[in-house]
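Below is one structure, written out as structure tokens; the observations come after it.
Every chain is numbered from 1, with letters handed out A, B, ... down the list of sequences.
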Number of protein chains: 2
Amino acid sequence: MAKYLNEFDATMQMIQGKWKIIILYELAETGQGRFGELQRHIQNVSHKTLANQLRELETDGLIIRHDFKTAEPHVEYHLSENGKSLIPILDAICTWGDTHVDHNLIERSLCDE
Amino acid sequence: MAKYLNEFDATMQMIQGKWKIIILYELAETGQGRFGELQRHIQNVSHKTLANQLRELETDGLIIRHDFKTAEPHVEYHLSENGKSLIPILDAICTWGDTHVDHNLIERSLCDE
DNA sequence: CAGTATCCTATGGGATACTG
DNA sequence: CAGTATCCCATAGGATACTG
């Protein structure tokens, strides 16, 4: 059985999720990040949901999880090549929102800085 | 209160919905379409859901609903300028899915024909 | 033909607490 | 620090039937 209706659906399912794009964008800018860092930067995301979305992004091959396997837990996330290839699209999505949506309706600007 | 988290969120909320992108793409290709036509072309969409998504797209200003107000109900939908400006992004989303997702997982190919 | 109303289910995501 | 488990709620979307 096919998992996706079409190419839109495939792409959308991978980036759909309240925080997924923000996570990808954050990692694109910083290069890599730890769980706690991401949670601090992306305000209001719940612990459970961040963990969920990170796992989905990892499963879909958009980010890579590197476990340092030290005594004190230390995990770093960074974009895969596939994830990086998505950035131009995210830019386009951000720019479109920036130019076509009333700024008063937008809580925190992310693109075009 | 802001309605959207950021520009991503704004754009995503407008195109999110199981059939919204397909509707937009369909209208982009055909120029305009009636309710029944859309339902026939977009297989498997339920009557109620199609009506819902059309109304949301209209509310968000992406499509325009033209009621001919004849005795026999006749309504045509077509893209607004805002909706048209979204097409390049949809193309990018489709192309990305086409090149980065296993074709066996995709039910019906829509782009790159 | 186009649209609305009702009912139902699956899922996403928040709050919170627990584990190693 | 990173992750999992439980509980709970709001929403999306399907099936179906009804209206003008």
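- Rounding to the nearest 0.5 Å places CZ of B:Arg65 at 15.5 Å from OG of B:Ser80.
- One interatomic measurement links the two molecules: CD of B:Gln13 to P of C:dG13, which rounds to 12 Å at whole-angstrom precision.
- Among the protein residues, B:Gln53 comes within range of the sugar-phosphate backbone only, with heavy atoms under 4.0 Å from sugar or phosphate atoms but none that close to a base.
- The line from CD of A:Gln53 to CD1 of A:Ile63 is 10.0 Å long, rounded to the nearest 0.5 Å.
- For the pair A:Arg34 and D:dA2, the criterion of a side-chain N or O lying under 4.0 Å from OP1 or OP2 is met.
- The separation between B:Glu72 atom CD and C:dC1 atom C1' is 5 Å, rounded to whole Å.
- In this structure, CZ of B:Arg65 is placed 4 Å from P of C:dG3, rounded to the nearest angstrom.
- The aromatic rings of A:Phe35 and A:His47 are tilted relative to each other, their planes meeting at an angle between 30° and 60°.
- Here C:dG13 presents its P atom at 19 Å from CD of A:Gln43, a figure rounded to the nearest Å.
- Listed nucleotides C:dT6, D:dA2, C:dG14 differ in distance to A:Lys18; the shortest reach to its side chain belongs to C:dG14.
- The distance from atom NE2 of A:His47 to atom P of C:dG12 is 19 Å, rounded to the nearest whole Å.
- When rounded to the nearest whole Å, the span between CG of B:Asp67 and P of D:dG20 equals 17 Å.
- B:Tyr77 comes within contact range of the sugar-phosphate backbone alone, with a heavy-atom separation under 4.0 Å but no base atom that close.
- Taking every side-chain heavy atom of A:Lys48 into account, C:dT16 is the closest of D:dA2, C:dT16, D:dG14.
- Between A:Pro73 and A:Arg55, the residue anchored nearer the 5' end of DNA chain D, judged by the nucleotide with its closest heavy atom, is A:Pro73.
- Between A:Met12 atom CE and C:dG12 atom P there is a gap of 14 Å when expressed in whole angstrom units.
- Rounded to a whole Å, the CG atom of A:Leu50 is 10 Å from the P atom of D:dA2.
- Searching all strands for a Watson-Crick or G-U wobble partner of D:dG20 with both distances below 3.5 Å returns C:dC1.
- Considering only side-chain atoms of A:Ser46, the nucleotide from D:dG3, C:dG14, D:dG14 that sits closest is C:dG14.
- Distance check: A:Leu38 CG to A:Gln32 CD gives 9.5 Å after rounding to the nearest 0.5 Å.
- To the nearest 0.5 Å, atoms CG (B:Asn6) and CE (B:Met12) are separated by 10.5 Å.
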